[in-house]
Every structure is written in structure tokens, then in C-alpha cells.
Amino acid sequence: MIMPYEFTIGHKMLFFAQTKESTPGNPTAPVSGKSKNTGATFRTRASGADKNNDVMFGLLINCLTAFGWRGLIIYFKVRTRMTRSVSLPGIRHPFRLRPQRADGISFREIFLRRLYDLSLPQTLQPKVIIDGGANIGMTSIFFANRYPNARIISVEPDENNFAVLADNVRPYPQITPVKSAIWHKKEQIHVVDKGYGDRGFMIEKNATGTVLEAMSLPDLLQTHGITQIDILKLDIEGSEKEVFSENYESWLPYTRCLIVELHDRMKHGCSQAVFKALLAYDFSLSIQGDNLLFINESPEIVPVPTPAHRPSLAQA
């Protein structure tokens with residue numbers, strides 16, 4: 001389904017179309033047509049059972065397309081929620097999916113639709129990747145197998161998601177899980193559940209919810225001794241508005257590839273903040289699924305002070 005998307009930056013109007021895949025919780029478009037006998041126009045909606053059958057058939061096709069005959073086994077495990085240990089061709093270690101629908105949606109996006117199989121410039125061989133909004137670690141796992149020489153920092157604020165993330169990435173020494181939230185500055189914030197599910201926890205100040213210390217990207221870079229970000233993935237449920245509104249000058253010029261999912265439906269002004277910040281730099285834009293892919297055509301390299309010691313996994 002093609003979803004038009006537009007926003008204004010200053011006096012400029014930008015418009016593009018974004019492809020959205022239907023999910024079990026989203027309404028499907030009505031079916032319309034004319035009766036052969038009477039010529040009367042009719043409109044109807046698929047029943048709940050029909051929608052579920054369509055989703056399962058789509059999952060089967062995706063599994064077969066991605067993994068060949070092995071896709072039948074993978075489809076069966078996901079379909080029956082036997083996902084405590086999921087093994088995929090091309091992925092070095094098995095990982096766990098929880099029974100809830102949100103994990104299945106993320107699995108489909110990352111490993112079947114391969115939304116993060118990026119077309120990067122040949123000169124960009126990722127050595128440092130930051131996965132902001134890492135959820136249970138599937139994107140980090142995909143990156144670790146796609147770019148085995150890259151160091152990956154996986155940041156996730158929700159306690160339950162982080163517990164699964166830490167277990168899933170344990171076999172990958174190049175992935176460092178960090179229980180925090182990417183924010184525009186270092187401060188105490190709240191992790192808020194507004195009903196968007198396990199993929200939609202939001203970060204707010206002066207709210208009710210789990211208290212957590214958020215980190216700015218400069219804090220994260222300095223803590224881990226990073227001087228340049230090769231891939232920065234941000235799926236942070238509206239916090240991109242704050243991240244791109246303040247202090248972005250200290251990290252954005254040194255980011256070579258930026259992957260952002262915008263959340264204006266959850267917080268007004270996200271798109272405007274992101275594009276206003278990017279206009280000052282030489283980024284090219286393409287669209288990949290629900291994500292915007294920006295490539296920095298003129299990245300800068302400036303040393304970031306390295307701390308006296310690098311934190312252990314337990315400290316992170």
C-alpha cells in the first residue's frame with residue numbers, strides 16, 4: 001500500500017511516497033466491484049479469519065523466498081510459536097523470539113524482507129555500528145553477520161526487551177548491549193508504555209514509568225571510545241525529535257550512514273527536526289521500507305576523547 005507522506009521545512013515542501021506492509025493489527029483496504037447479475041456496486045471487508053490466512057500465506061511465501069526449502073521449517077516454527085531457538089541459514093547462532101506478535105513482525109522485516117540489507121558505497125566498510133532502539137537484538141544480529149568485522153553497540157531502554165537482547169547477542173563478542181535510551185542529553189527519563197506494544201516504548205521526561213538514565217550520542221561515543229559512526233540506526237519511537245533538535249552538530253557530521261524510522265504518528269515534529277538538522281550537511285536520501293536511508297557524501301573525522309577505561313559488558 002502506498003502511503004503519501006509530506007512535511008514542511010522552512011518554506012520548502014517535501015513529498016514522497018512510502019511503502020507500508022499490512023500487519024495483522026492494521027485494517028485492510030475494502031474490496032470493491034460490481035455484481036455480474038445486477039451491476040450494483042458493492043464494498044466489503046475481509047473477515048478476521050481471511051486476514052489471518054492472508055498474513056500466514058504471506059509469511060510462508062516470504063520464508064520460502066528468503067530460505068528456499070528450509071523456509072518451510074522456519075515457517076512452521078514461527079507459525080506455531082516454537083521460537084525459543086530459531087536457526088537461520090547464514091546466521092551464525094540461533095536466537096529467541098517471544099510468542100507475541102511484535103517479535104514476529106520484527107523478524108519478518110529484518111530477516112525475510114531484509115530491510116537492513118543496505119546498498120552502501122563501496123568505500124564504506126562498516127567498522128562501527130550503533131543500533132538505537134535495538135529491541136531484542138535482531139537488527140544487531142543481522143548486522144553482525146552482514147558485517148562480521150564491525151563493532152556494534154546495541155542500545156535498548158525497556159527492561160524486558162533488554163533481557164532478551166542480552167541473551168540473543170551473547171554469542172557475538174563484537175556486540176555490546178547497553179541498557180539505556182538515546183536522547184539529546186544525559187539525564188533521568190521515564191520509559192513509557194502508551195499502548196504501542198513491545199516495539200513502541202517511548203521516552204519522556206517528567207512522566208510515570210520505569211526510570212532510566214538516558215545518554216546522548218556524544219556520551220555514548222566517548223564512553224566507548226568511538227571517533228566515527230559508520231552506520232547509525234535509529235528506531236527510537238519519537239525520540240528522534242529531541243535527538244535531532246539539540247547537540248546534533250557534535251555527532252552528525254561524523255556519521256557516514258544514517259537509518260531512521262520517523263514516528264510523527266506518535267510525536268508531532270519528528271520529520272521536521274530530522275530534515276532541518278540534515279539540511280546543513282551533504283546527505284543523500286533513499287527510502288528502504290519504513291526507513292529513511294541517508295548517506296553522508298562528505299563525512300568528517302574528528303577525534304573523540306577516549307575515557308581511561310572501557311566499560312565491561314556488566315557495566316554497560
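Applying the side-chain contact (heavy atoms from CB on, under 4.5 Å) criterion to Leu124, with sequence neighbours excluded, gives Leu120, Pro121, Asp230, Arg256, Cys257. Residues satisfying the salt bridge (Lys or Arg N to Asp or Glu O under 4.0 Å) test with Arg170, not counting sequence neighbours, are Asp167. Residues meeting the ring-ring contact (aromatic ring centres under 6.0 Å, His included) test with Tyr172, sequence neighbours left out: His93. For Asp282, there are no salt bridge (Lys or Arg N to Asp or Glu O under 4.0 Å) partners, not counting sequence neighbours. Considering only residues two or more places apart in sequence or on other chains, Phe107 meets the ring-ring contact (aromatic ring centres under 6.0 Å, His included) condition with Phe111. With sequence neighbours left out, the ring-ring contact (aromatic ring centres under 6.0 Å, His included) criterion links Phe283 to no other residue. With sequence neighbours excluded, the residues forming a side-chain contact (heavy atoms from CB on, under 4.5 Å) with Lys186 are Glu213, Asp219, listed by chain and number. With sequence neighbours excluded, the residues that form a ring-ring contact (aromatic ring centres under 6.0 Å, His included) with Tyr116 are Phe143. Listed by chain and number, the residues in a salt bridge (Lys or Arg N to Asp or Glu O under 4.0 Å) with Arg81 amount to none (sequence neighbours excluded). For Ala66, the side-chain contact (heavy atoms from CB on, under 4.5 Å) partners are Leu112, not counting sequence neighbours. With sequence neighbours left out, the side-chain contact (heavy atoms from CB on, under 4.5 Å) criterion links Ile61 to Phe57, Thr65.
Counting only heavy atoms from C-beta outward, the side chains of Leu212 and His190 never approach each other to under 4.5 Å. Within the 4.5 Å cutoff, side-chain heavy atoms of Val178 are placed close to those of Ile153.
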Go through Asn62 and Arg114 one step at a time and tell me if the side chain to side chain donor-acceptor pair (under 3.5 Å) criterion holds.
CA-CA 10 Å; Asn62 288 159; Arg114 300 179 69 86; over 6 Å; no
Full working for side-chain contact (heavy atoms from CB on, under 4.5 Å) between Thr223 and Met215:
CA-CA 10 Å; Thr223 299; Met215 301 179 72; 3.8 Å; yes
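Nearest approach of Ala181 to Ile189, heavy atoms of both residues: CB-CD1, 4.5 Å. Tyr254 approaches Gln228 most closely through the heavy-atom pair O-CG, 2.9 Å. The minimum heavy-atom distance linking Lys77 with Thr83 is given by the pair O-CG2, 3.5 Å.
Taking the six-membered ring where the residue is Trp, the centroids of Phe244 and Trp183 are separated by 6.0 Å or more.
Taking CG from Leu232 and CD1 from Ile259, the interatomic distance works out to 8.0 Å, rounded to the nearest 0.5 Å. Here CD1 of Ile91 is found 4.0 Å from CG of Asn145. Values are rounded to the nearest 0.5 Å. In this structure, CG on Leu292 lies 10.0 Å from CD on Glu240, to the nearest 0.5 angstrom. For the atom pair Leu252 CG and Leu278 CG, the distance stands at 5.5 Å (nearest 0.5 Å). The distance from the CD1 atom of Ile229 to the CD1 atom of Ile129 is 11.5 Å, given to the nearest 0.5 Å.
Residue Lys127 places its NZ atom among 12 or fewer non-hydrogen atoms of other residues, nucleotides or ligands, all under 6.0 Å distant.
Sorted by first and then second residue, the pairs that involve residues 129-144 and meet salt bridge (charged side-chain N to carboxylate O under 4.0 Å, His left out), not counting sequence neighbours, are Asp131-Lys233.
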